[in-house]
Amino acid sequence: MNNEEENHLIAERRTKLAALRQQGVAFPNDFRRDALAADLLATYAERDAAWLEANPVRVRVGGRMMFKRVMGKASFAKIADRSGAIQLFLQEDALGAAYEAFKDYDVGDILGAAGPLFRTRTGELSVRVTGLELLVKSLRPLPDKWHGLADTETRYRQRYVDLVMNESSRAVFRTRTQIVRYLRDALDALDFLEVETPMMHPIPGGAAARPFVTHHNALDARMYLRIAPELYLKRLIVGGFERVYEINRNFRNEGLSTQHNPEFTMLELYWAYSDYRELMELIERLLHGLADSLLGTRLVNYQGRAYDLSRPFRRVTVAELVLEHNPDLDRSRLRDVPYLRAACERLGVPVKSGDGAGKLQIEIFEKTAEHTLLDPTFVCAYPAEVSPLSRANDSDPFLTDRFEFFIGGRELANGFSELNDSEDQAARFRAQVARHEAGDDEAMHYDADYIRALEYGMPPTAGLGLGVDRLVMFLTDSPSIRDVLLFPQMRPEA
RNA sequence: GGGUCGGUAGCUCAGUCGGUAGAGCAGCGCCCUUUUAAGGCGUUGGUCGUGGGUUCGAGCCCCACCCGACCCA
């Protein structure tokens with residue numbers, strides 16, 4: 001693997017490149033295309049061989065040669081551009097010396113070709129090449145044209161090779177862009193303002209997670225890569241923007257898995273004069289719109305299971321799900337700490353000494369219920385203990401006006417009516433600091449400026465965080481988050 | 001962190017009981033003017049992930065480590 005420089009395949013190509021340098025400009029940049037493969041295939045789809053003969057269409061196409069088939073004095077090749085691929089037909093009679101040169105070209109080389117369109121005997125639209133130019137000599141051999149690139153490690157580490165070889169991979173990333181564009185268009189249409197807030201925070205906040213730490217030399221200050229933009233976006237609500245959103249990266253210093261990458265993309269939106277119920281309706285509308293516009297159906301297949309998004313999304317509370325999946329538990333004792341602690345121990349869930357009933361309920365929920373939430377489900381009424389930024393419920397302050405949204409057993413979104421009582425927020429921060437000092441390094445810090453902002457008054461507001469990567473996974477039937485990240489985090493190569 | 005599986009030619013993969021490292025594709029040479037994984041003949045190419053160990057002999061057995069995938073915490 002590490003002596004590729006000595007590989008004879010590469011060595012042969014280097015020799016060819018050296019010869020090209022001797023002949024002149026080896027990397028020309030004066031070839032210009034006037035057509036893309038897929039456009040030609042679509043435009044002339046209905047034109048038969050006779051029509052093309054009678055109405056010559058001269059084109060200039062360029063791209064990477066994906067196969068090459070020499071048959072004596074005539075050859076076929078196929079070049080791929082960003083739109084697709086088109087076949088070239090090359091003849092010694094028409095090309096002369098250029099034909100001899102072509103026989104030395106390798107699959108993977110980047111070519112420019114010119115000539116009229118025609119149809120082969122089997123009816124494939126092709127370019128009868130009258131002019132041919134090698135634009136870039138490729139030094140490294142591509143994977144097997146039939147089996148493609150299957151090795152997952154190479155697909156992730158050398159995504160450029162994956163993209164060259166696998167149309168399915170290209171399709172995932174095109175779809176990802178369409179999803180993000182759909183979300184932007186939908187929110188823009190609702191008069192939300194897209195903003196950018198800091199990625200480097202003096203105080204990490206807005207989520208329960210371990211941050212990446214860095215250092216600013218000029219300020220001699222410790223900085224944290226953001227774990228969430230939440231507290232900055234809500235400052236903008238205080239400032240009067242009323243409807244804001246940001247789609248960008250968050251960074252969390254945690255393990256890697258099929259659902260976790262250290263940097264991941266989150267949509268966060270804040271919506272003044274709204275509440276968590278309207279957020280749930282918004283999520284349903286967004287998913288319907290995405291399915292309709294991207295897939296053309298609300299019946300989504302994900303990893304072999306059908307998800308019917310047209311059915312109403314289930315809404316259920318944390319407590320109901322805990323009881324549903326732990327029928328032995330006593331409904332009347334769901335806030336009894338020793339009782340819940342014993343239940344956690346029976347389930348093999350680790351508990352910390354400071355955990356209250358709310359935290360213990362969530363531990364039980366995550367252990368027994370979360371993974372069963374396949375069809376779209378809003379889980380509501382999260383305990384205040386685990387929701388330090390959420391508005392307390394008016395009739396039951398043990399709970400908050402908060403939900404999480406699950407699909408396929410995975411958390412896709414988290415939304416709540418925002419806590420805009422500055423004194424309550426200050427008390428919640430103090431409780432978090434106490435947890436942090438007790439050893440919970442995911443607990444939040446006290447953000448005095450955020451409290452100051454709330455003291456100016458934040459209108460009643462609803463806020464949502466939606467995991468874009470997981471949404472893309474669901475809509476592209478991808479089993480791993482690495483399949484929807486162009487360059488997923490990997491251990492450095494040895 | 002624990003478990004399972006994997007790493008052999010550029011790619012995709014075989015490799016039996018521990019006994020001379022293989023195939024297809026690609027490459028190289030020759031033939032071939034409408035191919036569709038083109039075809040025919042010939043042929044090059046290996047630090048078997050890395051380092052130890054056992055053995056007369058290790059791709060294969062043992063130990064440690066590296067990288068990856070999946071599951072669990």
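Model, not experiment: these values are computed from the prediction. A, B, ... follow the sequence lines: proteins, then strands. Residue 1 opens every chain. Atoms considered below: every heavy atom in the structure, side chains included; atoms not considered: hydrogens, waters and symmetry mates.
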Practice item. Scan A:Ser75 against the nucleic acid and name what it touches under 4.0 Å (heavy atoms): base, sugar-phosphate only, or nothing. Key: nothing
Practice item. Determine whether the aromatic ring centres of A:Phe405 and A:Phe313 lie less than 6.0 Å apart. Key: yes
Check your understanding: If you measure from the Lys or Arg side-chain nitrogens to the Asp or Glu carboxylate oxygens, is any gap between A:Glu385 and A:Lys359 under 4.0 Å?
Key -> no
Exercise for review: Sort out the partner of B:C41 for me: Watson-Crick or G-U wobble, both distances under 3.5 Å, none otherwise.
Suggested key: B:G29
Check your understanding: Counting any heavy atom closer than 4.0 Å, what does A:Thr120 reach on the DNA or RNA strands: base, sugar-phosphate only, or nothing?
Key -> base
Check your understanding: Checking all strands, does A:Val70 fall into the base, sugar-phosphate, or nothing category for heavy-atom contacts under 4.0 angstrom?
Key -> base
Review point. So what does A:Glu12 touch, heavy atoms closer than 4.0 Å: a base, only the sugar-phosphate, or nothing?
Key: sugar-phosphate
Check your understanding: Between A:Gly348 and A:Gly148, which is nearer to the 5' end of RNA chain B once each is assigned its nearest nucleotide?
Key -> A:Gly148
Review point. When the distance from CZ of A:Arg128 to C1' of B:U33 is rounded to whole Å, what number comes out?
Key: 11 Å
**Study point:** Nearest-angstrom distance, C1' atom, B:G45 to B:G29
**Key:** 15 Å
Check your understanding: Within less than 4.0 Å of OP1 or OP2 of B:C66, is there a side-chain N or O belonging to A:Arg491?
Key -> no
Practice item. Report yes if a side-chain nitrogen or oxygen of A:Arg157 is closer than 4.0 Å to either non-bridging phosphate oxygen (OP1 or OP2) of B:A69; otherwise report no. Key: no
Exercise for review: Tell me whether the centres of the aromatic rings in A:Phe173 and A:Phe487 are closer together than 6.0 Å.
Suggested key: no
Review point. Start at the 5' end of RNA chain B and walk down; is the nucleotide closest to A:Ala150 or to A:Trp146 reached first?
Key: A:Ala150
Revision key, fill the gap. From CD of A:Glu370 across to C1' of B:A73 the rounded distance in Å is 15 Å
Check your understanding: Parallel, tilted or perpendicular: which fits the ring planes of A:Phe474 and A:Tyr307, with parallel below 30° and perpendicular above 60°?
Key -> perpendicular
Practice item. Send over the distance from A:Leu149 CG to B:G7 P, rounded to a whole Å. Key: 16 Å
Practice item. Give none if B:G59 has no partner; otherwise give the nucleotide forming a Watson-Crick or G-U wobble pair with it, both distances under 3.5 Å. Key: none
Exercise for review: With heavy atoms under 4.0 Å as the rule, sort A:Met490 into base, sugar-phosphate or nothing.
Suggested key: sugar-phosphate
Exercise for review: With heavy atoms under 4.0 Å as the rule, sort A:Phe118 into base, sugar-phosphate or nothing.
Suggested key: base
Review point. Does OP1 or OP2 of B:A26 have a side-chain N or O of A:Lys145 closer than 4.0 Å?
Key: yes
Exercise for review: Can you tell me the distance, in whole Å, between the CD atom of A:Glu153 and the P atom of B:G49?
Suggested key: 13 Å
Practice item. Kindly say if A:Lys16 contacts the phosphate of B:C28, meaning a side-chain N or O under 4.0 Å from OP1 or OP2. Key: yes
Check your understanding: Would you call A:Asp330-A:Arg333 a salt bridge at under 4.0 Å N-O?
Key -> no
Check your understanding: Atom CG of A:Leu347 to atom C1' of B:A73: distance rounded to whole Å?
Key -> 15 Å
**Study point:** Under 3.5 Å donor-acceptor pair, A:Glu92 side-chain atoms to B:U33 base atoms
**Key:** no
Point to revise | Pair of N/O donor and acceptor under 3.5 Å linking B:U33 base with A:Asp93 side chain | key: yes
Exercise for review: Flag the pair A:Lys137 and A:Asp109 as a salt bridge only when some basic side-chain nitrogen lies within less than 4.0 angstrom of an acidic carboxylate oxygen.
Suggested key: yes
Check your understanding: Could you give the NE2-to-C1' distance, from A:His260 to B:A73, as a whole number of Å?
Key -> 13 Å
Practice item. Would you mind classifying the nucleic acid contact of A:Lys367 as base, sugar-phosphate or nothing, using non-hydrogen atoms under 4.0 angstrom? Key: sugar-phosphate
Point to revise | Short side-chain N/O contact to B:G10 OP1/OP2 from A:Arg140, under 4.0 Å | key: no
Point to revise | Polar side-chain contact A:Glu124-B:U34 base: donor and acceptor under 3.5 Å | key: no
Practice item. Classify the side-chain pair A:Arg226/A:Asn250 by whether it contains a donor and acceptor separated by less than 3.5 Å. Key: yes
**Study point:** Base B:G24 paired with A:Asp144 side chain (donor-acceptor, <3.5 Å)
**Key:** yes
**Study point:** Integer angstrom distance from the C1' of B:G51 to that of B:U47
**Key:** 12 Å
Review point. B:A69 phosphate, OP1 or OP2: any side-chain N/O from A:Thr258 under 4.0 angstrom?
Key: no
